[in-house]
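Quick note on labels: first sequence line is chain A, next is B, and so on, each numbered from 1.
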2 protein chains.
Amino acid sequence: MASRATLKDVARLAGVSTATVARVLHGNGYVANETRQRVEAAVADTGYRINEIAQGLRRQRTATIGHLLHGIIPNPFFAGVALGVEQEALRHGCGVLLFNTQGDVEQERLGVETLIRRRVDGILFTTATHEDNVRLALSAGIPVVQVERMTAAATPAVVIDNRIGARSAVEHLIGLGHRRIAYIGAAAPATQWRAGSGTWPDVERERLDGYRDAMSGHGLPIDDALIGLGRYYSGNGREHPNDGYVWMRRFLQRADPPQAVFATSDLLAGGALQAIYERSLRVPDDISVVGFDDTYAPYFAPPLTTVEQPMVEIGQAAAHLIFQSLNDAEAPAGERIVKLPTRLVVRASTGPPATVRAPSRRG
Amino acid sequence: MASRATLKDVARLAGVSTATVARVLHGNGYVANETRQRVEAAVADTGYRINEIAQGLRRQRTATIGHLLHGIIPNPFFAGVALGVEQEALRHGCGVLLFNTQGDVEQERLGVETLIRRRVDGILFTTATHEDNVRLALSAGIPVVQVERMTAAATPAVVIDNRIGARSAVEHLIGLGHRRIAYIGAAAPATQWRAGSGTWPDVERERLDGYRDAMSGHGLPIDDALIGLGRYYSGNGREHPNDGYVWMRRFLQRADPPQAVFATSDLLAGGALQAIYERSLRVPDDISVVGFDDTYAPYFAPPLTTVEQPMVEIGQAAAHLIFQSLNDAEAPAGERIVKLPTRLVVRASTGPPATVRAPSRRG
DNA sequence: AAGAAACATGTCATCGATGACACATTCGAC
DNA sequence: GTCGAATGTGTCATCGATGACATGTTTCTT
């Protein structure tokens, strides 16, 4: 019987009206001390727990936010963001309905529809797949916040400073004395994003710009042959070969291999490490490697120097923006963009370049 | 106005009663063709979307299940299970409310309380932290399913065959010709689980048993000095040193280092790889390594042979059990245990032992 | 001692969807 | 032509919590 008690049951048991029970529960209005105790006893006896469904209906808010996650399993970045969102939501007494879209437009639309039917108080897109879905949510009058990407449909968003993050990584390498530094990144995502609308930043473009900034800023030449762009999620799934591996292999076959590599994700960097290992080269003795994310980085051999993304904080900030939207509904949405800094974490995969130009080779 | 239309609004616009609209929406009862079309037009015009909150109140089921996740961020295992749960839930038109407990008993209790207040239709524990919380959920009359662990409080559960999984890994090594095989695992979790109650299996104990099975089964001696037990989540967080690293270092300092290692998680195996790398030994030339999980395994250098856990399937099975509980409520709960098989994935980290007993060393 | 202020509690319409029930009409069958 | 079945539609109580409002006590003020 425990959980099925209702307000009415409690009221009956305590010999008062439901209104009085509600007053005790919410601690507002006048309630005589003796009455309060009687009610509290009744609550305890019945094992009463408020029915948030009924409450939601009456109050016209569900204390729930929806989180649409791009959600590639092996990428702990999304898990980190989800955790941050949840923590911040909890702080506001809210729950989180999670939907993995797997980067599928239709799946994403379905998620939005479901969340609308559930009357969530807000929707978070951790990397929306298609702009129309963002619009759909907005058209239902639901506040939206986006992570890592901004659409033509202006919404508050949380992004990181990819350009400066990438630059700091490359400058770290330059500072160690490297001059030939390769870049392994990802090509821009597919066509769903209308090109030319120009209001959303391209994460990968920014990182490449950061690399260029650092190189030119220090008077180093940019060799296009040392820039490898792979599939957006290459190596994140098991089906695809890891493009970090593919490119690194190619780089190492050259007569003039790079002294260091900067990869735009830990997974791509992991692929690079595999290619290096295969050739029996040592990191960082023969070649230095830097990643991005700080997800897999600490677990690689050797532990990877990487650009940390504050995943949890990103999630928290995103949720925070949602609650901000809820409170003063009329704030200028498109202007609330939070840009979080990255942090270079130096570990064992970077060091000065080999002075002798004959890397030890075995394989 | 779009999403705020109610049944009544639609009914008014179509010039019918709400009952008729409901009939059209659910496709039951008699509705004249002409009427149906008028209603459908009104639904489209108003952008009406059913309010699942109101529906939930009336129908006394929320079409939502709660998922309490132990939730160590860097472990994609949990992300995989969560995805599986979500997929299966979606197939039943259900949403998933996610709570990360971070292995904290109090946090977990809070999660259960919240889920009860939300009147979820069922609760999944992906590795419950404290048995009392399972009981709490049950006492509220909510069906519970557990993943990876069973409590004295009998609930349906999904587990994997850890013993056979571990054995298959070790037998793979034995088959390659290894005789001195080290084991790196985790000590049993802390005291929250009442010892001696004896009805729940200890994952780590099972894996150790599997190792012993394989060794004794092939007439190989078990050297306790080659069995390293670390903290349960060692190396999963950044704060702690990776116990796989710590133990492997120790093993390699011995006069008679092992020829191969079996670690009970990819992360621990990753630590082992780091120690091996530090000593400039080669995998698998000098030493073979096997992990468990198949999460990080494909991204290590070299790609790791590992025991795959079917994460997504585990999640699906768990959700499936919940829906089973919902349908025939009176099925014998404790008896529905699903045991899923593991699968050995052979990659580049295992090979025959070095014939010459003088491993190349550089560092 | 009368009226205002504070205290204490109850009544009831409401949030939006549902479905049992009642009522009305049409169609066949005998 | 009459009656039962099939068809079509509306009414309304209900799910559980909420809070505006009404009503009834005390306790101060002056």
Side-chain angles (χ1 to χ4, degrees), chain A residues 1-40 42-43 46-64 93 116-121 140-141, chain B residues 1-40 42-43 46-64 93 116-121 140-141:
Chain A
M1 64 151 39
S3 90
R4 300 310 169 198
T6 74
L7 245 203
K8 212 188 271 183
D9 297 330
V10 176
R12 193 178 311 126
L13 184 61
V16 297
S17 73
T18 58
T20 299
V21 178
R23 275 183 212 110
V24 172
L25 254 42
H26 300 300
N28 55 16
Y30 295 109
V31 180
N33 236 317
E34 196 261 344
T35 310
R36 176 186 316 280
Q37 282 165 21
R38 212 142 31 88
V39 170
E40 275 162 0
V43 167
T46 53
Y48 171 76
R49 289 193 182 82
I50 208 168
N51 183 329
E52 294 196 352
I53 297 303
Q55 192 179 49
L57 174 60
R58 175 61 219 240
R59 287 196 172 158
Q60 299 288 65
R61 44 162 308 206
T62 51
T64 307
I116 295 177
R117 283 199 308 271
R118 302 218 162 214
R119 300 295 192 267
V120 295
D121 297 331
Chain B
M1 65 152 39
S3 90
R4 298 311 169 199
T6 72
L7 246 202
K8 212 188 272 184
D9 297 331
V10 176
R12 193 178 311 126
L13 184 61
V16 297
S17 72
T18 57
T20 300
V21 178
R23 273 183 213 109
V24 172
L25 252 41
H26 301 300
N28 55 17
Y30 295 109
V31 180
N33 238 319
E34 195 262 343
T35 309
R36 175 186 318 280
Q37 282 165 22
R38 210 140 33 84
V39 169
E40 275 163 359
V43 167
T46 53
Y48 171 77
R49 287 191 183 84
I50 209 167
N51 183 331
E52 293 195 351
I53 297 303
Q55 192 178 47
L57 175 60
R58 175 63 219 239
R59 288 194 171 161
Q60 298 287 66
R61 46 165 308 219
T62 51
T64 308
I116 294 177
R117 284 199 307 271
R118 302 215 163 218
R119 298 294 190 270
V120 294
D121 297 331

Participant: By a strict heavy-atom criterion of less than 4.0 Å, which residues belonging to residues 15-22 of chain A are in contact with DNA chain D?
Facilitator: A:T18
Participant: Restricting to non-hydrogen atoms, name the atom on A:Y48 and the atom on A:L7 that form the minimum distance, rounded to 0.1 Å.
Facilitator: CE1-N, 3.4 Å
Participant: Does a side-chain N or O from B:Q60 land closer than 4.0 Å to OP1 or OP2 of D:dG16, or not?
Facilitator: yes
Participant: A:I50 near the nucleic acid: base, sugar-phosphate alone, or nothing, with a heavy-atom cut-off under 4.0 Å?
Facilitator: sugar-phosphate
Participant: Please check if the side chain of B:T20 supplies one atom and the backbone of B:T18 the other of a donor-acceptor pair under 3.5 Å.
Facilitator: no
Participant: Under 3.5 Å, which protein N or O atoms sit close to an N or O of nucleotides 6-8 of chain C? Give each pair with its distance.
Facilitator:
{"unit_1": "C:dC7", "atom_1": "OP2", "unit_2": "A:Y30", "atom_2": "OH", "d": "2.8"}

Participant: Would you please name every residue forming a side-chain contact (heavy atoms from CB on, under 4.5 Å) with B:A32, sequence neighbours left out?
Facilitator: B:T35
Participant: Give A:R23 one of three labels, base, sugar-phosphate or nothing, depending on what nucleic acid heavy atoms sit under 4.0 Å from its own.
Facilitator: base
Participant: Quantify the bending of the helix from C:dA1-D:dT30 to C:dC30-D:dG1 as the angle between its end axes, each fitted on five pairs, to 10°.
Facilitator: 50°
Participant: Strictly below 4.0 Å: does B:R58 bring a side-chain N or O up to OP1 or OP2 of D:dT14?
Facilitator: no
Participant: Grab the two heavy atoms, one from A:A11 and one from A:V21, that are nearest each other, plus how far apart they are.
Facilitator: CA-CG2, 3.6 Å
Participant: A:L25 has an atom CG; how far is it from atom C1' of D:dT18, in whole Å?
Facilitator: 12 Å
Participant: Would you mind listing every salt bridge (Lys or Arg N to Asp or Glu O under 4.0 Å) that reaches into residues 15-35 of chain B, with sequence neighbours excluded?
Facilitator: B:E34-B:R38
Participant: Who are the salt bridge (charged side-chain N to carboxylate O under 4.0 Å, His left out) partners of B:R36, not counting sequence neighbours?
Facilitator: none
Participant: So which atom in A:D121 and which in A:A63 form the shortest heavy-atom distance, rounded to 0.1 Å?
Facilitator: OD2-N, 2.7 Å
Participant: So which atom in B:R119 and which in A:I53 form the shortest heavy-atom distance, rounded to 0.1 Å?
Facilitator: CB-CG1, 4.4 Å
Participant: Let me know the distance between NZ of B:K8 and C1' of C:dA13, rounded to the nearest Å.
Facilitator: 11 Å
Participant: For A:Q55 and D:dG16, is the shortest distance between a side-chain N/O and OP1 or OP2 below 4.0 Å?
Facilitator: no
Participant: Provide the closest heavy-atom pair for B:R118 versus B:T62 in the form atom of the first, atom of the second, distance.
Facilitator: O-CG2, 3.6 Å
Participant: Which heavy atom of A:T46 sits nearest to which heavy atom of A:V10, and what is that distance?
Facilitator: OG1-CG2, 3.6 Å
